[in-house]
Amino acid sequence: MKRIFITGFALLALFQTRAQNVPTDSTAYKSRKLKLEEVNLVSSYYKQDGNNSAVTGGIGSEHLTDIANTIDVKLIKYGETGIKHTFDIEAGIDHYTSASSDMIDLSANSSASSSDNRFYPSLTYLRENEEKGRTLGIGVSSSTEFDYQSFGGNISFSQKTKDRNGEFTAKFQTFLDQLKLIEPVELRTSGGEGYGSANRNTFAGTLSYSQVVNKNLQVMLVGDVISQNGYLSLPFHRVYFTDGSVHQEKMPDTRLKIPLGIRASYFLGDNVIIRAYYRYYSDDWSLKAHTADLEIPVKLTQAFSVSPFYRYYTQTGTKYFKPYGEHTAADEYYTSNYDLSKFDSSFFGMGMKFTPLNGIFGLKHWNTLEIRYGHYTRTTNMTSDIISINIKYK
């Protein structure tokens, strides 16, 4: 695979020029002009391996690589009445190669399906009344790749308590997707390259409440209700029956998901934070899951900190899953996708953050460089590694 790795370093010169023209506002005056508040440049490289590809019916290579690059720009201004307006503009592009996708045509020969690019821009606007502690938000997004097109929208409302120690947030999101129905080669009824299409819709509501308990402890409670309808299978996933026949994956056309979580941060002195997270998940496909996450950032010097982390995940698996060659014609719905099977997983690694006084490479406004590495293991014998770099301008 030819790697195209456009990191944030390639854009340093451009934004350094812009940074030199931004005066430091050391007074209480709030500028009514739109100004650059923050820029984040993130690049990551992901690689996975396994032997349970859903494209070939639950067996076969799951080898995949993905290079992702995003830029996130935050602009702010204050209106005449003191209202704070924030514009968050993000754009990302991924390039991936996939051995399993290449097997849609049953011969891994670097066909068109072996790699693809995904482009995903988004725009979010926040209107904050700092005096009343109230924020309204609206956002739009899209994601485009060869066989998938998604458009999203969201609205949000946040309200701080009178003492500013608590905050309630409500958010609603919707994603309207269209899929190209790319069938396994042996199930196609014609030799043409034309594909049918199908819709998939997702609607998600989120309620959360965060509270500063005392100077050391902060907690957040969050709950979601997610409803999906439309074509919820993947058309190029094969399923092999006990009689040796091959079929397309078939799943129900509705799904209701309910995740509930709690997050806590405890400040252990000036240099150590303990961050913990737990989530319970349930859906009407009979899949239940638990997630426990722990991260402990430790400040070693004024300019350098490390953050070891560990996440444990376990799920029961959906009632529609069976391995290769175990489904029968009596099954109304069927999949051999191991993402929907029973498994346990662990994800662990380390983050390193540099915040030198004079900025990264002596560039004052580029004040943070963060590098994170994580290793993932799953009891279905799938493993993956990811490394990411984040450079922040502020």
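Since the structure is predicted, the reported quantities are computational estimates derived from the model, not experimental observations.
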Euclidean distance, [Y] [atom2] relative to [X] [atom1], rounded to 0.5 Å:
{"X": "T202", "Y": "I226", "atom1": "OG1", "atom2": "CD1", "value": "8.5 Å"}
{"X": "R238", "Y": "N337", "atom1": "CZ", "atom2": "CG", "value": "14.0 Å"}
{"X": "I138", "Y": "R127", "atom1": "CD1", "atom2": "CZ", "value": "13.0 Å"}
{"X": "F267", "Y": "D270", "atom1": "CZ", "atom2": "CG", "value": "10.5 Å"}

Salt bridge flag under 4.0 Å for residues [X] and [Y]:
{"X": "R372", "Y": "E370", "answer": "yes"}
{"X": "E295", "Y": "R311", "answer": "no"}
{"X": "K160", "Y": "E167", "answer": "yes"}
{"X": "E37", "Y": "K394", "answer": "yes"}

Qualifying residue for ring-ring contact (aromatic ring centres under 6.0 Å, His included) with F309, from Y376, Y373, F347: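 That would be F347.
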Does CG in L300 sit with more than 12 non-hydrogen atoms of other residues, nucleotides or ligands closer than 6.0 Å?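 Yes, CG of L300 has more than 12 neighbouring heavy atoms, counting only those of other groups under 6.0 Å.
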Could you pull out all residues at least two apart from [X] that satisfy side-chain contact (heavy atoms from CB on, under 4.5 Å)?
{"X": "K162", "answer": "none"}
{"X": "P356", "answer": "F354, I360"}
{"X": "T301", "answer": "A303, F304"}
{"X": "S61", "answer": "H63, A99"}

How about M382 and N52: do any of their side-chain heavy atoms sit closer than 4.5 Å?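 They are not in side-chain contact.
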Decide yes or no for F146 and K180: does some side-chain heavy atom of the first lie under 4.5 Å from some side-chain heavy atom of the second?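 Yes - at least one pair of side-chain heavy atoms lies under 4.5 Å apart.
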Look at the rings of Y320 and Y333 and say which category their plane angle falls in: under 30° parallel, 30 to 60° tilted, over 60° perpendicular.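 It falls in the perpendicular class, over 60°.
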Specify whether Y334 and F241 have parallel, tilted or perpendicular ring planes, treating 30° as the upper limit for parallel and 60° as the lower limit for perpendicular.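 Taking F241 first and then Y334, their aromatic rings stand perpendicular (interplane angle over 60°).
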So that I know where these two stand, are F168 and Y209 an aromatic pair - ring centroids less than 6.0 Å apart?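 No.
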Tell me whether [X] contacts the main-chain N or O of [Y] through its side chain, where contact means a donor paired with an acceptor under 3.5 Å.
{"X": "T291", "Y": "Y278", "answer": "no"}
{"X": "Q248", "Y": "P235", "answer": "yes"}
{"X": "D72", "Y": "N40", "answer": "no"}

Salt bridge (Lys or Arg N to Asp or Glu O under 4.0 Å) pairs, two or more places apart, involving residues 243-267: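 Qualifying pairs: R255-D283.
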No-hydrogen, no-angle side-chain donor-acceptor test under 3.5 Å, H375 and T377: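 Per modelled atom types, H375 and T377 side chains form no pair under 3.5 Å.
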Same apolar cluster (I L V M F W Y, side chains within < 4.5 Å links), L232/F321: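 Shared cluster, no.
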With salt bridge (charged side-chain N to carboxylate O under 4.0 Å, His left out) as the test, pick out the partner of R378 among D344, D339, D49.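 The salt bridge (charged side-chain N to carboxylate O under 4.0 Å, His left out) with R378 is passed solely by D339 among D344, D339, D49.
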Just do the side-chain hydrogen bond (donor to acceptor under 3.5 Å, both in side chains) check on Y120 and D94 with the steps written out, would you? CA-CA 9 Å; Y120 44 101; D94 293 4; 2.6 Å; yes
Taking only residues two or more places apart in sequence, or in another chain, which ones meet Y266 in a ring-ring contact (aromatic ring centres under 6.0 Å, His included)?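 Listed in chain order: nothing, the list is empty.
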